[in-house]
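Worksheet: the structure to be examined is printed underneath.
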Amino acid sequence: MPQNNSENTILGSIAISDDLLASCVADSVLSMDGVVDLEEVVGTAYQIPLIDGDVGAAKGVRIEKKSDKTVIDVYVIVRYGVKIPQLAWDLQQNIRRAFASITGETVEEINIHVRGVSKEENDETA
């Protein structure tokens with residue numbers, strides 16, 4: 001069951017669901033050049049619809065809370081020819097910024113799992 005990031009303020013409490021966070025992480029990952037798609041990992045990924053109706057957009061993202069520590073796992077398929085170590089570093093930085101801008105928290109660990117390489121780019125015109 002998804003959990004919430006919550007914060008108590010003078011005016012009340014603010015709660016951000018992990019589903020929303022996973023969706024935002026997925027969007028930031030898919031916006032990176034070199035990432036073709038996210039891969040579903042059975043039993044570990046959130047599958048939720050985004051506002052625009054794109055079901056499963058966060059399918060390759062897992063957010064786990066361990067005490068006061070946040071761990072994010074992302075399962076990607078990359079484009080053939082991309083430099084994987086550099087892409088993984090860039091993904092970690094992009095995810096870290098996206099997560100911090102939403103929650104104000106830092107992520108303790110971001111793990112990028114390259115699950116495949118695609119010779120074809122993701123065709124957006126189909």
Side-chain angles (χ1 to χ4, degrees):
M1 174 181 246
Q3 297 182 11
N4 295 327
N5 284 332
S6 60
E7 177 181 331
N8 292 321
T9 66
I10 294 172
L11 300 175
S13 64
I14 300 169
I16 303 171
S17 74
D18 283 346
D19 291 343
L20 175 63
L21 291 174
S23 178
C24 291
V25 168
D27 284 346
S28 70
V29 168
L30 290 170
S31 71
M32 297 284 296
D33 185 38
V35 176
V36 175
D37 200 4
L38 292 167
E39 182 177 285
E40 179 178 352
V41 179
V42 177
T44 62
Y46 295 112
Q47 290 194 35
I48 56 172
L50 292 179
I51 293 170
D52 62 2
D54 185 11
V55 176
K59 65 184 175 183
V61 176
R62 181 177 69 184
I63 298 176
E64 186 177 351
K65 306 283 195 233
K66 297 179 181 177
S67 304
D68 58 343
K69 178 173 145 175
T70 301
V71 177
I72 298 176
D73 288 286
V74 179
Y75 301 85
V76 297
I77 298 172
V78 300
R79 180 175 30 90
Y80 179 79
V82 72
K83 295 179 180 175
I84 293 174
Q86 183 62 49
L87 178 62
W89 173 260
D90 293 342
L91 284 169
Q92 288 174 325
Q93 299 308 312
N94 199 19
I95 292 167
R96 193 175 308 281
R97 279 191 300 271
F99 193 85
S101 72
I102 295 168
T103 64
E105 299 174 4
T106 58
V107 179
E108 185 73 26
E109 210 176 294
I110 301 172
N111 302 308
I112 308 297
H113 306 271
V114 177
R115 302 292 288 211
V117 177
S118 176
K119 290 187 180 181
E120 299 177 14
E121 290 231 15
N122 195 7
D123 187 6
E124 297 294 320
T125 62

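- Checked against side chain to side chain contact (heavy atoms under 4.5 Å, CB included), V78 has the following partners two or more places apart in sequence or in another chain: V76, V82, I84, L87, V114, V117.
- The pair E108-K69 fails the salt-bridge criterion, with no side-chain N (NZ, NE, NH1 or NH2) lying under 4.0 Å from an Asp/Glu carboxylate O.
- Residues S118 and V36 approach most closely at CB-CG2, 4.0 Å, considering heavy atoms.
- Considering NZ of K119 and OH of Y80, their distance stands at 6.5 Å, rounded to 0.5 Å.
- Each of V71 and V29 belongs to its own hydrophobic cluster when Ile, Leu, Val, Met, Phe, Trp and Tyr are linked at side-chain heavy-atom distances under 4.5 angstrom.
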Set out, in order, the CA-CA distance, both residues' side-chain angles and the distance that settles side chain to side chain contact (heavy atoms under 4.5 Å, CB included) for I110 and F99, then state yes or no.
CA-CA 11 Å; I110 301 172; F99 193 85; over 6 Å; no
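- Under the 4.5 Å side-chain criterion, counting only non-hydrogen atoms from C-beta, L91 is not in contact with V74.
- A side-chain hydrogen bond (donor to acceptor under 3.5 Å, both in side chains) check over residues 84-97, counting only residues at least two apart or in different chains, returns the pairs Q86-D90.
- To the nearest 0.5 Å, atoms OG1 (T70) and CD (E64) are separated by 10.0 Å.
- The side-chain contact (heavy atoms from CB on, under 4.5 Å) with D73 is formed by just one residue from the set N111, V61, I112; it is N111.
- Between the CG atom in L21 and the CD atom in E105 there is a gap of 8.5 Å [rounded to 0.5 Å].
- Contact record, I77 with E39: CD1-OE1, 4.0 Å, taken as the closest heavy-atom pair.
- Minimum interatomic distance between I63 and A22 (heavy atoms only, all atoms of both residues): CD1-N, 3.5 Å.
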